[in-house]
Each structure stands twice: as structure tokens, then as C-alpha cells.
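Working notes, beginning with the structure itself.
Owing to the predicted nature of the structure, the values given are computational and were not obtained by experimental measurement. Labels below follow one simple rule: chain letters A, B, ... track the order of the sequence lines, proteins then strands, and each chain is numbered from 1.
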Protein chains: 2
Amino acid sequence: MKKITIGEAARQSGVKVPTIRYYEGIGLLPAPSRSEGNQRSYEPSDLDRLAFIRHARELGFEVESIRTLLSLQDNPGQSCSSADAIAKARLIEVEQRIRSLLALKAELEVMVEGCGHGRVDQCRVIEVLADHGKCMHPHH
Amino acid sequence: MKKITIGEAARQSGVKVPTIRYYEGIGLLPAPSRSEGNQRSYEPSDLDRLAFIRHARELGFEVESIRTLLSLQDNPGQSCSSADAIAKARLIEVEQRIRSLLALKAELEVMVEGCGHGRVDQCRVIEVLADHGKCMHPHH
DNA sequence: CCTACATCCTCTAGCGACTAGAGGTGCAAG
DNA sequence: CTTGCACCTCTAGTCGCTAGAGGATGTAGG
């Protein structure tokens with residue numbers, strides 16, 4: 001048994017110490033066994049779970065979705081249709097977000113390029129913000 | 001004087017009533033005059049300011065940035081270099097976010113396409129989440 | 001004038017996903 | 001034995017709102 005401390009788990013998983021404790025608190029990560037001095041003591045499988053959570057968070061999945069995905073991982077005989085649905089929903093979200101950010105980028109570029117670095121009353125940045133009609137794209 | 005109620009201001013600006021009060025509370029919007037019965041009473045210039053704030057929020061500027069942008073708008077004789085800097089910083093943020101979301105999208109697509117709609121133990125969604133090494137792109 | 005109802009008021013608490021800090025204990029090295 | 005870091009629990013703060021309680025005001029109809 002090569003059990004490790006929470007600090008070591010944080011180093012190996014890339015999840016910060018308080019965040020690991022937080023995940024335990026909300027039930028994403030099982031409460032580990034404790035040392036004599038009441039310190040958390042993790043096993044390798046906990047590191048796998050932490051990596052899973054971290055990766056899912058980086059992909060922007062919400063904690064509730066991760067809860068579902070983890071329970072699917074824990075019961076591998078089930079149908080994966082809910083995992084599929086969660087991932088698909090996230091994909092659609094991401095696609096929408098990209099579209100909206102591209103429109104935003106275009107508008108910000110107009111603002112920045114139009115700035116003659118002079119005084120505020122000729123500044124395109126302020127002007128565009130003040131008058132939505134000056135937007136290039138109907139992103140909102 | 002065509003003063004309006006907070007509800008009318010909300011309708012015309014597209015900013016919700018509690019949000020308008022919130023903006024007043026944090027000092028983005030000046031406290032308006034009040035009616036005899038202590039109800040807020042807004043002027044057309046307040047609507048302009050609300051539109052400015054709303055537009056800036058839609059572009060993803062933080063409240064603190066908007067505070068700076070508004071104070072620049074209030075003092076139009078100043079140099080617009082800080083407005084320029086704020087907009088440029090936001091543009092860089094947006095560009096980074098787009099890049100990261102595109103990598104994410106690619107990864108989610110692999111997950112979703114690889115799902116054979118069978119059981120979890122053959123599910124690519126769960127598999128990729130569990131093993132970061134299976135990612136197509138080094139987005140994180 | 002009275003009543004009904006929408007809108008307004010203030011104040012507090014909640015959201016998600018952490019993060020920061022206070023105040024105290026455990027543990028390994030010098 | 002003491003120094004100093006890592007650990008413990010607990011509470012409160014972050015951001016930008018949003019929801020709700022509990023009460024006052026404004027307006028339209030009878």
C-alpha cells in the first residue's frame with residue numbers, strides 16, 4: 001500500500017489541496033481513510049478519480065454532470081447513453097460559445113483598431129460601447 | 001422632464017430591475033432622484049449609461065473595467081490609452097478563450113463520435129475523461 | 001372613497017466552484 | 001526540543017447577479 005498525503009495527491013493530480021477537500025465535502029471524492037493524527041491518506045484509485053474530475057472540469061463540465069459521469073464510471077455495465085447525452089449537450093454549449101466569442105472578437109477588433117490613441121472624445125472604444133448601433137455584428 | 005420609473009427604465013434598457021438597483025449599489029449608476037413616495041425616478045441620461053453598461057457586460061468586460069470605461073466617458077478630454085488597454089486586454093482574453101474552446105470542441109467531438117451507444121465499459125466519453133493521454137490536443 | 005392589483009421599496013440569502021484566512025494540531029529534521 | 005512546514009476544521013469572501021420576504025406606493029375600476 002503506497003498511501004499518500006493530501007499535499008502529495010495535490011501535486012500528482014494538479015488539483016489544489018483546498019479543492020480536494022472541497023470535492024470530498026460535496027461528495028465527488030470519497031472520504032479517504034485517516035492517519036493516526038487524523039490526516040487524510042489517499043490511495044492510487046483516488047488519484048485516478050481526481051484526474052477524471054480535473055479533466056472533466058477542464059472540459060467545462062459542471063459538477064453535477066461530473067457526478068453523473070463518475071457514477072457511470074463506477075457502474076460500467078450500464079448503457080452509456082446518458083454519458084453520451086451529457087457530452088453532446090456540452091459540445092453544443094461549446095459551439096454556441098465559440099460562435100458568440102467570434103462575434104465579440106470582431107467587435108473588439110473594430111474598437112481597438114479604430115482607436116487613434118488620442119483623446120476619449122474621439123475614441124472608438126467608448127463610442128461603440130455607448131452606441132450599440134455601431135456594432136458590426138448582431139451578436140446580442 | 002420625462003422622468004421614468006425603474007420598471008420603464010428596465011424595459012427600455014433591457015437591464016432587469018434588480019440589476020439596475022444592484023448597479024446603483026455598487027456605484028456604476030448614480031443614485032437617481034426619488035418621487036414623493038421614495039420611488040426611483042430616472043432621466044434619459046441614465047438610460048444611456050445603462051445601455052453602455054449593458055453593452056460592455058455583453059462584451060464580457062468586468063464591472064471594474066466598466067467602472068474605468070465609464071469614468072473615461074465622463075471625462076472626455078483625457079487620453080484614451082486606458083480604454084484602449086482595457087479593450088486590448090479583453091481582446092486577448094477572448095482570443096485565448098476561443099483557442100481553448102476550439103481545442104475542447106475537437107476533444108468533445110472525438111468523445112461523442114467514438115461513443116458506440118453501447119455499455120459504459122466501451123464508452124469513449126468515459127474513457128477519454130479517465131485518461132487524459134487519450135486527448136487529441138494538448139489544450140491544458 | 002374603497003378595493004384590487006401591479007409595481008415599487010429594503011433587506012437578506014443563495015447560486016457555482018472554488019479561494020482565503022483564522023486558529024489550532026501533527027510531524028520530521030536539525 | 002524547537003523550528004517550521006503541512007495538515008486540520010470552520011467561516012467568510014469572491015463575482016455578478018437572482019430570488020424571496022415583508023411591506024409601501026401608485027393606479028384603475030366600481
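Taking only side-chain nitrogens and oxygens, Arg40(A) comes nearer than 4.0 Å to OP1 or OP2 of dT9(D). Applying the 4.0 Å criterion to OP1 and OP2 of dC18(C), one finds that Lys16(A) has every side-chain N and O outside that range. Between Arg57(A) and the phosphate of dC18(C), there is a side-chain N or O to OP1/OP2 separation shorter than 4.0 Å. Dashed line: the shortest gap from a side-chain N or O of Thr19(B) to OP1 or OP2 of dT18(D) is under 4.0 Å. Between Arg34(B) and dT10(C) there is a side-chain N or O to OP1 or OP2 distance below 4.0 Å. Look at Ser35(B) and you'll find a side-chain N or O under 4.0 angstrom from OP1 or OP2 of dG26(D). For the pair Arg21(B) and dT10(C), the criterion of a side-chain N or O lying under 4.0 Å from OP1 or OP2 is not met.
Checking Pro18(B) against Gln39(A), the closest nucleotide of DNA chain D that is more toward the 5' end is the one next to Gln39(A). Between Tyr22(B) and Glu8(A), the residue whose closest nucleotide on DNA chain D is further toward the 5' end is Glu8(A).
Listed nucleotides dG16(D), dC8(C), dC27(C) differ in distance to Ile6(B); the shortest reach to its side chain belongs to dC8(C).
For Lys2(B) against Pro44(B), the heavy-atom pair with the smallest separation is CE-CG, 3.8 Å.
Among the heavy atoms of the strands, none lies under 4.0 Å from Phe61(B). Here Glu36(A) lies out of heavy-atom contact (under 4.0 Å) with every strand.
Atom CD1 of Ile20(B) and atom P of dC17(D) are 12 Å apart (whole Å). Rounded to an integer number of Å, the gap from Glu62(A) CD to dC15(C) P is 14 Å. In this entry the distance linking OH of Tyr23(A) with P of dG16(C) reads 14 Å, nearest Å. Remark: P of dG16(D) and CD1 of Ile53(B) are 12 Å apart, rounded to the nearest angstrom. The CD atom of Glu58(A) sits 15 Å away from the P atom of dA17(C) (whole-angstrom rounding). Spacing between atom CD1 of Ile4(A) and atom C1' of dA6(D) amounts to 14 Å, rounded to whole angstrom units. Atom CD1 in Ile66(A) sits about 8 Å away from atom P in dC18(C), given to the nearest Å. Distance CD1 (Ile26(A)) to P (dT19(C)): 12 Å, rounded to an integer number of Å.
A distance-only check finds a donor-acceptor pair linking the side chain of Asp46(B) to the backbone of Glu43(B) [under 3.5 Å]. Looking at Ser65(A), its side chain never comes within 3.5 Å of a backbone N or O of Phe61(A) through a donor-acceptor pair.
Between Leu129(A) and Leu59(B), some side-chain heavy-atom pair lies under the 4.5 Å cut-off.
Both Tyr42(B) and Ile26(B) are assigned to one and the same hydrophobic cluster, defined by single-linkage of ILVMFWY side chains at heavy-atom distances under 4.5 Å.
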